[in-house]
Amino acid sequence: MSPSDTLSPQVGVFGGTFDPPHWGHINLALSLMEAHQLQEVWFLPTSTNPHKKDRLHTSADHRLHMTELAVENVPNFFVRDVECQRGGISYTVDTLQELVDQEQQRPQPRQLRLLLGADAAHSLGQWRNPLKILQLAPPLIGHRPGTPIADIEKLPNELKSAILAGSTAIPIMDVSATRVRERLKNGLYCGHLVPAKILDYIEVHRLY
Ligand code: ATP
């Protein structure tokens, strides 16, 4: 258990473009949930990711629907569409502040934790106001056992320490949305990478 794990209940906040969502996302969130006894996980599809604004392949609406399909049968997984509702470019720090403010209205506010894949951890330094992000939702980062999180040496100490404190070895699945899109484009089978109901949705709406 990391030092920032507390006795108060915790909720994982998992942002992504989910373009489309795949088993790697579900596996990461579920593994971190079990490893840290998170009470819930909230999937947050970004409306326009500031780091990927020229590289989105489908509308926020489609990505939101696909993310809802991805989590609908997983206990304690929910979609929060704060970013899609807000529209425009979303900065994680603003979204987390909004979620923390909402949580403070509850009789027993829960501690938010930002869920990240190992490939996203080093980019935290380029996000808007990373130190504030650490305060609002200390990160939990899933990485492959035996493979430490890469490229974090040059990050400020506070950020590096928070990443190391939240780093969690989990069985990572070798899948990315990029690979899924490429396989779909080439007419290749994707049932081992993406839940069938999402593949049906992609077919019906002719995405990718
Ligand atoms: P793309 O290939 O389009 O860049 P992606 O598959 O990386 O997409 P995103 O929606 O950009 O998916 O990722 C959201 C989060 O999910 C990030 O924190 C990323 O590190 C994590 N993630 C993506 N794929 C995996 C995977 N296979 N295992 C663990 N985490 C993952």
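Just so it is clear, the model here is predicted, and its values are computed rather than measured. Just follow the structure's listing: the first ligand is 1, and inside any ligand the first atom is 1.
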Please list, in number order, the atoms of ligand 1 under 4.0 Å from a heavy atom of [X].
X    : value
D119 : 19 (C), 20 (O)
T17  : 9 (P), 10 (O), 11 (O)
H22  : 6 (O), 24 (N), 25 (C)
L116 : 18 (O)
R181 : 3 (O)

(message) Please determine whether any non-hydrogen atom of H57 lies less than 4.0 Å from an atom of ligand 1.
(response)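 Not so, H57 does not reach ligand 1.
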(message) Less than 4.0 Å is my threshold; does some heavy atom of F14 fall inside it relative to ligand 1?
(response)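 Contact check F14 vs ligand 1: positive.
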Roughly how far, to the nearest 0.5 Å, is [atom2] of [Y] from [atom1] of [X]?
X    : Y   : atom1 : atom2 : value
H25  : F18 : NE2   : CZ    : 5.5 Å
I198 : H22 : CD1   : NE2   : 10.0 Å
T17  : L44 : OG1   : CG    : 12.5 Å

(message) When you measure from the side chain of K185 to the backbone of Y208, do you find a donor-acceptor pair of N or O atoms at a distance under 3.5 Å?
(response)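 No; judged by distance alone, with no hydrogens or angles, the pair does not exist.
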(request) Ignoring hydrogens, just give me the one of G15, S176, S31, A121 whose non-hydrogen atom is nearest atom 14 (C) of ligand 1. (result)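 Nearest heavy atom to atom 14 (C) of ligand 1 lies in G15.
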(message) For L99, run the side chain to side chain contact (heavy atoms under 4.5 Å, CB included) check against D94, L136, V13 and tell me which one passes.
(response)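 Testing L99 for a side chain to side chain contact (heavy atoms under 4.5 Å, CB included) against D94, L136, V13 leaves exactly one candidate, V13.
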(message) Test your reading of the structure: does I172 have an N or O sitting under 3.5 Å from an N or O of ligand 1?
(response)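 No, there is no polar N/O contact under 3.5 Å.
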(message) Does only the side chain of L28 get under 4.0 Å from ligand 1, or the backbone, or both, or neither? Count heavy atoms.
(response)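 Under 4.0 Å from ligand 1, L28 contributes side-chain atoms alone.
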(message) Assigning hydrophobic clusters by single linkage (Ile, Leu, Val, Met, Phe, Trp, Tyr; side-chain heavy-atom cutoff under 4.5 Å), is I141 placed with L164?
(response)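 Cluster IDs for I141 and L164 match.
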